[in-house]
Amino acid sequence: MKEENNNNTIKPGNFIKEIIEKDLETGKYGGRVFTRFPPEPNGYLHIGHAKSICLNFGLANEYKGKCNLRFDDTNPTKEEQEYVDSIKADIKWLGFDWEDREFYASDYFDQLYEYAVILIKKGKAYVDSCSSDEIKEMRGVPTKPGVESPFRNRTVEENLDLFEKMKSGNFKDGEHVLRAKIDMSSPNMNMRDPIIYRIRHASHHRTGDRWCIYPMYDWAHGQSDSIERITHSICTLEFENHRPLYDWFIENIGIYSPQQIEFARLNLNYTIMSKRKLLKLVQDGYVDGWDDPRMPTLSAYRRRGYTPESIRNFAESVGVAKRDNVIDVSLLEYSIRDDLNKKAQRVMAVLRPIKVVITNYPDEQVEELDAVNNPEDESMGRRKVPFSKILFIERDDFQEIPHKKFFRLSPGSEVRLRYAYIIKCEEVIKDSSSGEIIELKCTYDPDTRSGSGTSTKKVKGTIHWVSARHAVTAEVRLYDRLFNHPDPGGDKETDFIEHINPDSLETLKGCKLEPFLSAANPGDRFQFERLGYFCVDTKYSKPGSLVFNRTVTLKDTWAKIEKAKQ
RNA sequence: UGCCCGAUCGUCUAAUGGUAGGACACCGGCCUUUGGAGCCGUAUGUGGAGGUUCGAAUCCUCCUCGGGCAGCCA
C-alpha cells in the first residue's frame, strides 16, 4: 500500500526541468540530456554536494540521459588523491553510477593548451608579465573600469613564443600569465582580461610533473563541458557572472556550446558548509576527522547512521530554485526518522541504568518474552527477550517526586515494563553517604504479563528495561548539533569556532543492551525504543566491545513540554 | 552606489492571467503496551506604490530589501 503511494508520488517540478523539457520539445540538443557532477578533489563531499549530485544524476536518470563524474583538478596545490577516492565512495554510497565516465579536467590539459594557442593566434589572448599585485591594481573595482596592461599589445609571434616557454619551464612561478584579451572596462569583472594560465611548478596528483602551467578554473570548466558534449551544465549561483565569459571562450574558440543553468546552493541552519572551514575543523582537531558524525559530510552522515535514501529524499524535498535559502535541519532529521521508522529493528537499551529488583519474582526464574521487531513492518518478525528478577531501567524513567504528568515510575506508582509486567515501586534504596539512588525495590503483578489477556489493569506509562544478567554492555555516543548558532559562519566579526557547541558529544559507557544486540555488526541500524535511532560505529566498534552512535532522537513531545515550562 | 540575480506562510517550495496549495516546524485533538509512529484539525504568506486586464503572486513601471562579482581559488 505504502509502496504504491510512493510509486504514484509525482516528483515536484522545478525551473531546470522546465528548461530541459522545452529543449527536448524544440530538439535543441537532438533529444540528448547530458549532465555532469564536477567536484574539486580538495575536500570531502558534504550535504550541499548531495543536492547537486541528486540533481545532476537525477535529471539524467529521469530524461534517459547520462551524467558524468568530472573532477575539476586544475589546482595541484590543493588537490589530493585521498579526496578523489572519498568522493567516488560517497557518490556510490548515495546510489549513483557514472559507469565508465570518470573524467578529469586534467585529461584535457593538452586540448586546453591547444585552445589557448588558437586564442593567441586570433589575437584574443596575450602573455602578461606584470606582477600579481600590478594586475590586481589595474583590474579596477566593480564601480570603476580597469586599465590595460602595457603587455596587452604584444605580437602574436611574441605571445606564442612566450606561452611556449611558459609551458617548457623557462620561467619561475608568477613571472608571466596568459590572459584573454576582452575588455578592461567591462562592468562584469570576469571580462576584464581574465587570467587563463598561470605558472605553478607543482606536482599534480594525476599528471605529476608533466606540466608547470595550469589552466584557471574559468578556462577549464566550460571547455570541459564542451568536450564532453554536456547539454545542461548545472552550477550554483555564484557562477552566473561567469557565464558570459564561458560563452565568450566557446564562441572564440569555435566549439560546441553547452547551456549553463544556475541554481541556489543548499544552506542548512546550525551547519557550516564551507569546505575551507570544514578543513579547519579537521586540521585543528575540533572534530575526529572528516567522518566525525557531527560533520555535515556524507561520510559523517553515513557513519552516523543516515541512509542514502534519507539523504536522497531530503535532497528532493528541499527543491531547486534560484533564491537563496536556509533549510531547517529539522527537515533533514525528519527525513532520516521517516526512513528508519519503516526499516529499523526495534530493540531495548538502557543508556543510564538504575538497578531494579523485583522482590516477589522467583530468584532463578527466566522468562522469554515475545517482542515485535518493527510495528511498522510485520514481515520483520518477532524475537524473544529474557526477563528475570534483577533488571535495569532508565534513570530518567524514575522520579522520586514525580511531576503532575509524569507517567513513569515513582514511589508507590505503577508502570508497564514493555512486553513484560506491570510493576510497582515499593522502596527506594540510596547510598548512605552520597544520597544517590542506587536501587529500586519493586513488586510485579503476575496477572499483567503482556499478551496474556488476564489483566484489565491499565497504566499510563510504558518503559523499557533490560535483564541484568543477560545484558550486553556497550558504549553509546550521543551527538548534538556541532554549532549552537543558527548561522555559525554568517558573522564576519566572529570566528565560527566560537560557535562550536561544547556539548555536541556525550559518551556514555556501561550502557545495558538486550542480548539480541550481541550479534550486531558495524553499520547495523536499530531503534532503541523510546530513545532514538542508533547504529554500530564502523570506526571504533569491535566484537565484544560495541560502540553505538545515536543517529537521531525520536521526536520527544514530553521533553518539549518540559522545556517549554522552564 | 557599476553589472548580474533574486523576493509567496516561521523555514522551504508550488501556482505559468482564473479558488494561493504542499512539506517541515508550530499549536490543539484522537489513538497508542515506544510520551515514537499514525490519524484529524487550527493558525500563519504573495515586500511597497502605481499601471494593464472582466480578473494579477504571475505582465509593465518605479521603489524597497537581500545575495553575488574586485584570487595567478573553485
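Throughout, a chain's letter reflects where its sequence line sits, starting with A, and its residues are numbered from 1. All values derive from a computational prediction rather than experimental measurement.
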*Measure from the side chain of A:Y334, starting at C-beta and using heavy atoms only, and say which of B:U34, B:C5, B:C24 lies closest.*
B:C24
_Residues forming a side chain to side chain contact (heavy atoms under 4.5 Å, CB included) with A:N42, sequence neighbours excluded_ = A:E40, A:K78, A:E79, A:K275
*When the distance from CD of A:E378 to C1' of B:A37 is rounded to whole Å, what number comes out?*
14 Å
*Is A:K560 near enough to B:C26 that one of its side-chain N or O atoms lies under 4.0 angstrom from OP1 or OP2?*
yes
*asked:* Which residues pass the salt bridge (charged side-chain N to carboxylate O under 4.0 Å, His left out) test with A:R346, not counting sequence neighbours?
replied: none
_Assigned glycosidic conformation for B:G41 [threshold 90° from 0]_ = anti
*Step by step, work out the side chain to side chain donor-acceptor pair (under 3.5 Å) result for A:Y444 and A:E414.*
CA-CA 9 Å; A:Y444 84 116; A:E414 289 187 311; over 6 Å; no
*Pick the C1' atom in B:A20 and in B:U46, then give their distance to the nearest Å.*
8 Å
_Touch class at under 4.0 angstrom, heavy-atom based, for A:P375 against every strand present_ = base
_Sequence-distant partners of A:D23, salt bridge (charged side-chain N to carboxylate O under 4.0 Å, His left out), two or more places apart_ = none
*asked:* Would A:K167 and A:Y113 count as a cation-pi pair here, with the cationic atom under 6.0 angstrom from the ring centre and within 45° of the axis?
replied: yes
*With RNA chain B as reference, determine whether A:V318 or A:K460 sits nearer its 5' end, using the nearest nucleotide of each.*
A:V318
*Can you check whether A:K555 has a side-chain N or O nearer than 4.0 Å to OP1 or OP2 of B:G35?*
no
*Record whether the side chain of A:R530 comes under 3.5 Å of the base of B:U34 through a donor-acceptor pair of N or O atoms.*
no
*Given pairs defined as Watson-Crick or G-U wobble with both distances under 3.5 Å, what dot-bracket annotation applies to RNA chain B, with ( ) intrastrand, [ ] crossing, | other strand and . unpaired?*
.((((((..((((....[..))))..((((.......)))).....(((((..]....))))))))))).....
*Would you call the rings of A:H242 and A:F239 parallel, tilted or perpendicular, where under 30° means parallel and over 60° means perpendicular?*
perpendicular
*Counting any heavy atom closer than 4.0 Å, what does A:G532 reach on the DNA or RNA strands: base, sugar-phosphate only, or nothing?*
nothing
*Would you please name every residue forming a salt bridge (charged side-chain N to carboxylate O under 4.0 Å, His left out) with A:R383, sequence neighbours left out?*
A:E514
*Is it true that A:R408 and A:E394 make a salt bridge, defined as a side-chain N closer than 4.0 Å to a carboxylate O?*
no
*Could you tell me whether A:Q527 contacts a base, only the sugar-phosphate backbone, or nothing, with contacts defined as non-hydrogen atoms closer than 4.0 Å?*
base
*Going 5' to 3' through nucleotides 67-74 of chain B, assign each nucleotide B (protein heavy atom under 4.0 Å from a base atom), S (under 4.0 Å only from sugar-phosphate atoms) or - (no protein heavy atom that close).*
SBSBSBSB
*Just checking A:R346: base, sugar-phosphate only, or nothing, at a heavy-atom cut-off of under 4.0 Å?*
base
*asked:* Does B:C3 have its OP1 or OP2 closer than 4.0 Å to a side-chain nitrogen or oxygen of A:T143?
replied: no
*Separation of A:S330 OG from A:Y270 OH (nearest 0.5 Å)*: 10.5 Å
*Nucleotide nearest A:R323 (side chain, heavy atoms from C-beta), chosen from B:U13, B:A37, B:G35*: B:U13
